[in-house]
Protein chains: 2
Amino acid sequence: MATLQDVANKAGVSTSTVSRILHGKGKFTSAVQKNVHQAIKELNYQPNSNAQALASNKVALVGIITPNIAAPFYGRVASGGAATAREHQYKTLIANSFRDAEDELNAIYSFVAQGCRNIILHSMTLSDEKLIELARQIKGLVILGRYVEKIANRCVWIDNVKASKLAAEYILQKGHKKVAVLSYAQTQCDPSQRLTGAKLAFMEAGLEIPEDLIIFNDGQVADGRLSVQKLLDNKAEFTAIIAYNDLIAIGAIKELVKRGIKVPQDVSVIGFDNLFLAEISTPELTSVNYPIEEMSRYAVELSIRLTEQPNIHIEQTHLFISSIVERDSTADVNQNLVAAVVTS
Amino acid sequence: MATLQDVANKAGVSTSTVSRILHGKGKFTSAVQKNVHQAIKELNYQPNSNAQALASNKVALVGIITPNIAAPFYGRVASGGAATAREHQYKTLIANSFRDAEDELNAIYSFVAQGCRNIILHSMTLSDEKLIELARQIKGLVILGRYVEKIANRCVWIDNVKASKLAAEYILQKGHKKVAVLSYAQTQCDPSQRLTGAKLAFMEAGLEIPEDLIIFNDGQVADGRLSVQKLLDNKAEFTAIIAYNDLIAIGAIKELVKRGIKVPQDVSVIGFDNLFLAEISTPELTSVNYPIEEMSRYAVELSIRLTEQPNIHIEQTHLFISSIVERDSTADVNQNLVAAVVTS
DNA sequence: CTGTTAGCGCATTCAC
DNA sequence: GTGAATGCGCTAACAG
């Protein structure tokens, strides 16, 4: 690989001149510029980014940390973020945390060790305190999908309580009163907030969700099936299901249909995330939209602003809006079935 | 961030000693070792990987380049690769090429500029010659999902012709003779090979696929729908569809069902890739399995071997096996319907 | 406008 | 076994 020195020699100037021209700092005789550009082209020169990083203490690198980019939801985080990074001529570093706090910290520190200060973190394991501490240390740290009061200006999030309440209200509006909730067996953040939101809607309607209609599972399609099995085995009575996410919802539908229970005629199902999958499911899945890709793009923009504008003060939190996308898995409650279905 | 110097000062030794201990090179008094480790811990020292890279001309970085990691297929490439990289204590760099040859080259060069020699490339745009040239320059370049004769030992691939032939044979075995092929409108690699495979199977059976039953599209779910629309609008006669990939297959099924054509009773549909989605579709999709995640893991292993063992000679190409995963979207041809369905 | 100089943090000779 | 010295390729003062 050709170095700056090579280019400088070839163009008959010093390395600093080449460096300046490369970065468009200051002005130069156009003759010199031409020579330099010529030399760069002829030598196919590419700056060594490690040396750049070392010398300038800056790297054009966005690090994205999610539980697992193979999951469709996080895949969108990665692709949105990577695309935006690229627009700003940043490269993208990826790490999976696999929902492990230690792995997550390791990922962060290894990014930092590379001088990467632009980190987009979708964390479900670290404590608020830890995040606050990290945010103080890392200028470009942006928290995705979670709200932490003290660093609200670093948070790009949706209001899970509100969104889930919306979903529950939508179900209530359709006349459903006996509703099962398939939640995610994790004590933090999203799952508990979404559960709260659903409960809230019912409370406001003068109803409540009995504990035996709330099933916790592991958030995958297979878990949705299992949860429905459990409900039916317990002879639970319900005419609708509010699922923590689309995967669970799809699993639930599959199991219901397998048991001869029609969706949405007998039971309505609503998901959350509005993944690509929602349109593939049969019936197509009604879901709460989670604009994660836009959020991820925004998060990268924000992070870059945070690091490139040294004295920037952002007095704003970054709240995105979710809304119901109505498809075919939900319908008005069928009064005739209210008792029958349920004990099938 | 603490530096090597800080650690050395604190431990009362020189930087070179610390460096050696860090890499386990040579032997030391255990007292010194303890001091150093202590200092490292106390200072929470993390080596600066840019400096390491610059000094040693090595980086523990695997670069993965695919058209778009948001696509489910490439998401699996990224996650498999990232997981394996992590096991070897390599970090993972991601870039999307968006099927653009220039973007792809830029991504490669920017990785190289970082000293990254471990590159996993899923290219559908670069020519064989270019890939050969790149392979010569980049010791750890591994080509995923494509076979290039002259650098066969760098290729981790499946035999698309054979796999697609298998799919066609499977359909033929079920008695289908009028079969539509939904291919991908791209002249290179996989699409044309898969088409060839299907044609081959028919030829060997003394049949052929008429040109008007071969539709080219853009490979997404919506395109599958459109292609089926086109077929039906043309009053094409067919009892089975062989799709280039699962997305097309799912779109095709959706459109067929919408038109009142039953899958698999009236028309059988087989996909390719065996994505997660295949199980979500209704009916569940029969598909050709593409062990892409294992392949991606293997590719990373291979790349690391290639760079870490300087004089390694690999006299082997890395061919993975694909096989049919039978689900519910395919069935024996229904003789009564052969004429009827088709002209619906 | 341009060249000289001095590091960035680390690995790696070479001495001792 | 350990320390001192050198340089990886580049940026950023500082001179001129």
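Residue numbers start from 1 in every chain, and the chains themselves are labelled A, B, ... in the order their sequence lines are given, proteins ahead of strands.
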A:E87 bridged to A:R297 by N-O distance under 4.0 Å: yes
Aromatic plane relationship, B:F320 with B:Y298 - under 30° parallel, 30 to 60° tilted, over 60° perpendicular: perpendicular
Quick one: which residue pairs count as a salt bridge (charged side-chain N to carboxylate O under 4.0 Å, His left out) with a foot in residues 11-20 of chain B, not counting sequence neighbours? none
Going by heavy atoms closer than 4.0 Å, what residues in residues 21-37 of chain B are next to DNA chain C? B:H23, B:K25
Residues from residues 42-63 of chain B lying under 4.0 Å of DNA chain D - heavy atoms: B:L54, B:A55
Charged N to carboxylate O below 4.0 Å: is that the case for B:E133 and B:R136? no
A:H313 NE2 to A:L306 CG distance, which is reported to the nearest 0.5 Å: 10.5 Å
Do B:S97 and B:D103 pair up side chain to side chain, a donor and an acceptor below 3.5 Å, judged on atom types alone? no
Classify A:T3 by what it touches in the nucleic acid, base, sugar-phosphate, or nothing, heavy-atom distance under 4.0 Å. sugar-phosphate
Extract, from 5' to 3' on DNA chain D, the first and final nucleotides lying under 4.0 angstrom from some heavy atom of chain A. D:dG9 to D:dA13
Whether the B:H88 and B:E301 side chains hold a donor-acceptor pair (N or O, under 3.5 Å, no angle test) is what I'd like checked. yes
Please step through side chain to side chain contact (heavy atoms under 4.5 Å, CB included) for the pair A:L141 and A:N118, ending with a clear verdict. CA-CA 6 Å; A:L141 180 69; A:N118 297 97; over 6 Å; no
Qualifying salt bridge (charged side-chain N to carboxylate O under 4.0 Å, His left out) pairs, either residue in residues 3-12 of chain A, two or more places apart: A:K10-A:E42
Side chains of B:Q5 and B:T15: is there a donor and an acceptor less than 3.5 Å apart? no
For the residue pair A:F73 and A:Y290, does the interplanar ring angle fall in the parallel (under 30°), tilted (30 to 60°) or perpendicular (over 60°) class? perpendicular
Give DNA chain C the dot-bracket treatment, 5' to 3': Watson-Crick (N1-N3 with N6-O4 or O6-N4) or G-U (N1-O2, O6-N3) under 3.5 Å, [ ] crossing, | other strand. ||||||||||||||||
Between A:R146 and A:D128, does at least one N-O distance fall below 4.0 Å, as a salt bridge requires? yes
Does the side chain of A:R117 pick up a donor-acceptor pair with the side chain of A:N57 at under 3.5 Å? yes
What is the distance, to the nearest angstrom, from the CG atom on B:L4 to the C1' atom on C:dG7? 16 Å
